[in-house]
Peer 1: 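Please read through the structure below; I'll follow up with questions.
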2 protein chains.
Amino acid sequence: MAPRRPATIKDVAAAAGVGIATVSRVFSGTGSVGAATRERVLAAARELDYRPSALGRGLKLRRSGGIGLVVPDVTDPFCAELVAGVLACARTLGEHVIVDAAHGDPSREAEIVERLVEQRVDGVIAQPAGTEADWRGAARVCSSVVFAGRALPGLPEIPAVLADDAGGVRSLTEYLAGLGHRRIGFLGEAPRSPSRVREGAFRDTLAQLGVPVEEDLVVGARPAGDAAYAAAAGLLQRRDDVTAVLAAGHRLGEAAVLVARELDLRVPADVSIAMIDDVAWAELCDPPLTAVARPGRDIGYRACEMLLREPARRGRGGPVLLPTELVVRGSCGPLRPARR
Amino acid sequence: MAPRRPATIKDVAAAAGVGIATVSRVFSGTGSVGAATRERVLAAARELDYRPSALGRGLKLRRSGGIGLVVPDVTDPFCAELVAGVLACARTLGEHVIVDAAHGDPSREAEIVERLVEQRVDGVIAQPAGTEADWRGAARVCSSVVFAGRALPGLPEIPAVLADDAGGVRSLTEYLAGLGHRRIGFLGEAPRSPSRVREGAFRDTLAQLGVPVEEDLVVGARPAGDAAYAAAAGLLQRRDDVTAVLAAGHRLGEAAVLVARELDLRVPADVSIAMIDDVAWAELCDPPLTAVARPGRDIGYRACEMLLREPARRGRGGPVLLPTELVVRGSCGPLRPARR
DNA sequence: CCCTCCCTTGGAAACGTTTCCATGAGGTTT
DNA sequence: AAACCTCATGGAAACGTTTCCAAGGGAGGG
């Protein structure tokens, strides 16, 4: 039944008794075609199971009609939301999305971008893992790049859509301080991170509130399981007088929760815990965790829009910051006397 | 610096003073090229920032070197794992992956497949949402299809890689029965689901154990938030004598946990809860939830391998079943007197 | 010293589109 | 009635590869 070889535009043209140019016009929607002819072409195409080849079109048009999306890890809830947002937007614009995960490895990331360029994607959206040098090169060779969810401060010319992390940390810090907490442990970005926005916002907010920052309470950690756990355990064991912990990411928050449980600390009676990233388990935790929700989906959607719809406006006026939302649940309580 | 138009194979050939055939041989690795010539070509290519166009190659080769992946929802943890597995395998085979989400809508799914066919992907991996009729058509038009994570029983000719759901449900049911539970509530597949493997396994296992199945305790629900919550609430309110709940999916498990909390039931003292899908929050829940882990990543990996590596073996001997693993945590306890 | 064979190389024909340009038919305006 | 527009249509030239085929050249064997 089905032909060995997929039908081409020529087959359709022959079957409908028209020229290939006419068939092309029918399918690409450009130009004008008589109603009767169009019908004949469509009938022939249906008969032959014809599907226009995106390869032929792409070659001619010098673009594939797809975009590339590079994230650290598709199983991370935030990344997954971001991917979903990009897919949603791409869908409305009729583009497909080539997704790949770099797993924090800059060389792998570079390799992925290289492949995307070979695919002649119309643009690339990335939550970058690599350094500025890596992306400076990539940006030169890519048609266009938009950062999403994370940006490289040294590359202001590359447009970016980000969560307002600083605002999120600020509102969380103010919330904890408002509950009376003064010795707040902060689990933040790794020390050699390119930009420690969250840590900065934490320090600034405390300063504004007139709360002295104790260096001992600010620890950085890679969000990997072990490192995060070690950082949280270190903090809570070293300083048994902290009354609240602010985790700057769900992996760190997870670590904090597990460590607190391990140390038999009651939440929030002994220690309040809050984190950035309102992932699914925050609500299911007991007590449910207060968190700052980052609009991952919106970020992805917006980045895609920026990439495809507004090539003109790109990169002007710094990164687009999307608001976060403080979701108050039961994991933070008013200050009580220090434990022990 | 960067040329307005990306360099083509012709540019490289001219710059290196060789024919385009030679450049092609250098980059595609086929045929033999003298060492000196190869060097000259590579140097010219580097100079011009040349990247072979996958579009040109794809057109000639009649394939794009990519595969399509269709899942219901990339933000679902199981799907995300599956995607990660496919990406990992595709990467080792040098293929890229076009991902899209159908959100349970068959027409949307069909549309996605249509687009993938236009892209001339080398194959499609799908966790199908649509019916058998939908996919019968898609399979005819696709080069090849592999189902992953879910299959359509009416289409045995389409190869599939699945979790051993029946085995998972069985081990969980036996575990609960072993703790003494007899009145076990089962939150399972929606009534109009194409195959209710889990429910079947639940019934079979109880029968084998000599425990009568009470129809009242077996409820089906779509895994969407509201429906799941309603089903769980209905079950627990209607029958206050159930001592354990087995949720056949993490959305249903989530609902069970929330309903139990809402009804002030202590877990596991008043009711034991266990579920299929060992998602992140299972461990962070209090008490941590006993669950059956489905090997999402392995399923994706294997499906991709099957699609690309073993086109011969595909579809022979029924679906490939990958083993699940029972992860015992604290949410299930020995039978106690019925509540109230 | 000539013939053969193998290795290297270039020319040219696809692959399936889009689009520019030319052609012809039919209708409107002077 | 002539001249002109508009619209529908087909031919043909790209687009950037791969690969078949033929040809050139050096080495080895007779």
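These numbers were taken from a predicted model, which means no experiment stands behind them.
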Peer 1: Does any N or O in the side chain of A:R120 come within less than 3.5 Å of the main-chain N or O of A:S64, such that one atom is a donor and the other an acceptor?
Peer 2: no
Peer 1: Roughly how many Å is it from CZ in B:F27 to C1' in D:dG16, rounded to a whole number?
Peer 2: 13 Å
Peer 1: Looking across every strand, which nucleic acid part, if any, lies under 4.0 Å from A:S53 by heavy atom: base, sugar-phosphate, or nothing?
Peer 2: sugar-phosphate
Peer 1: Starting from P on C:dT8, measure out to CD on B:E39 and report it in whole angstrom.
Peer 2: 15 Å
Peer 1: Ignoring the backbone of A:R62, work out which of C:dT18, D:dG16, C:dT9 is nearest its side chain.
Peer 2: D:dG16
Peer 1: Would you mind classifying the nucleic acid contact of A:R51 as base, sugar-phosphate or nothing, using non-hydrogen atoms under 4.0 angstrom?
Peer 2: sugar-phosphate
Peer 1: Please classify the nucleic acid contact of A:S28 as base, sugar-phosphate, or nothing, using heavy-atom distances under 4.0 Å.
Peer 2: sugar-phosphate
Peer 1: Give a yes or no answer on whether the side chain of B:S24 reaches the backbone of B:I20 with a donor-acceptor pair at less than 3.5 Å.
Peer 2: no
Peer 1: Does any part of the side chain of A:V70, heavy atoms only, come nearer than 4.5 Å to the side chain of A:L116, both counted from C-beta?
Peer 2: yes
Peer 1: Using atom CG of B:L59 as one end and atom C1' of D:dC15 as the other, report the distance to the nearest whole Å.
Peer 2: 9 Å
Peer 1: Categorize B:L55 for me: base, sugar-phosphate, or nothing, with a 4.0 angstrom heavy-atom threshold over every strand shown.
Peer 2: nothing
Peer 1: Rounding to a whole Å, what distance do you find between B:I20:CD1 and C:dA13:P?
Peer 2: 12 Å
Peer 1: Is any side-chain nitrogen or oxygen of A:S24 closer than 4.0 Å to OP1 or OP2 of C:dT18?
Peer 2: yes
Peer 1: Considering only side-chain heavy atoms of A:R120, which listed nucleotide, D:dT17, D:dT9, C:dT18, is closest?
Peer 2: D:dT17
Peer 1: Between B:G19 and A:P52, name the one whose nearest nucleotide on DNA chain C is closer to the 5' end.
Peer 2: B:G19
Peer 1: At under 4.0 Å between heavy atoms, what does A:I9 touch on the DNA or RNA strands: base, sugar-phosphate, or nothing?
Peer 2: base
Peer 1: Looking at A:R150 and A:P128, would you say the former's side chain and the latter's main chain have a donor-acceptor pair under 3.5 Å?
Peer 2: yes
Peer 1: Please report the distance, rounded to the nearest Å, between CG in B:L61 and C1' in C:dG16.
Peer 2: 14 Å
Peer 1: Would you say the base of D:dG10 and the side-chain of A:R25 have a donor-acceptor pair closer than 3.5 Å?
Peer 2: yes
Peer 1: Just to be sure I understand the rule, does A:G56 reach a base, reach only the sugar-phosphate, or reach nothing, if contact means heavy atoms closer than 4.0 Å?
Peer 2: base
Peer 1: What is the separation between atom NZ on A:K10 and atom C1' on C:dA13, rounded to the nearest whole Å?
Peer 2: 11 Å
Peer 1: When we call it a touch if two heavy atoms are under 4.0 Å apart, what does B:G29 touch: a base, just sugar-phosphate, or nothing?
Peer 2: nothing
Peer 1: Compare side-chain N and O positions of B:S32 against OP1 and OP2 of C:dC7 and report whether any pair is under 4.0 Å apart.
Peer 2: no
Peer 1: As a test of reading the structure: which of C:dT9, C:dT19, C:dA12 is closest to the side chain of B:A21, going by heavy atoms?
Peer 2: C:dA12
Peer 1: Please report the distance, rounded to the nearest Å, between CZ in A:R63 and P in C:dT19.
Peer 2: 11 Å
Peer 1: With rounding to the nearest 0.5 angstrom, report the CG to CZ distance, B:L322 to B:R302.
Peer 2: 7.0 Å
Peer 1: Between D:dC15 atom P and A:K60 atom NZ, what is the distance in whole Å?
Peer 2: 7 Å
Peer 1: Looking at B:V83, B:I125, B:D100, which hits side-chain contact (heavy atoms from CB on, under 4.5 Å) with B:V71?
Peer 2: B:V83
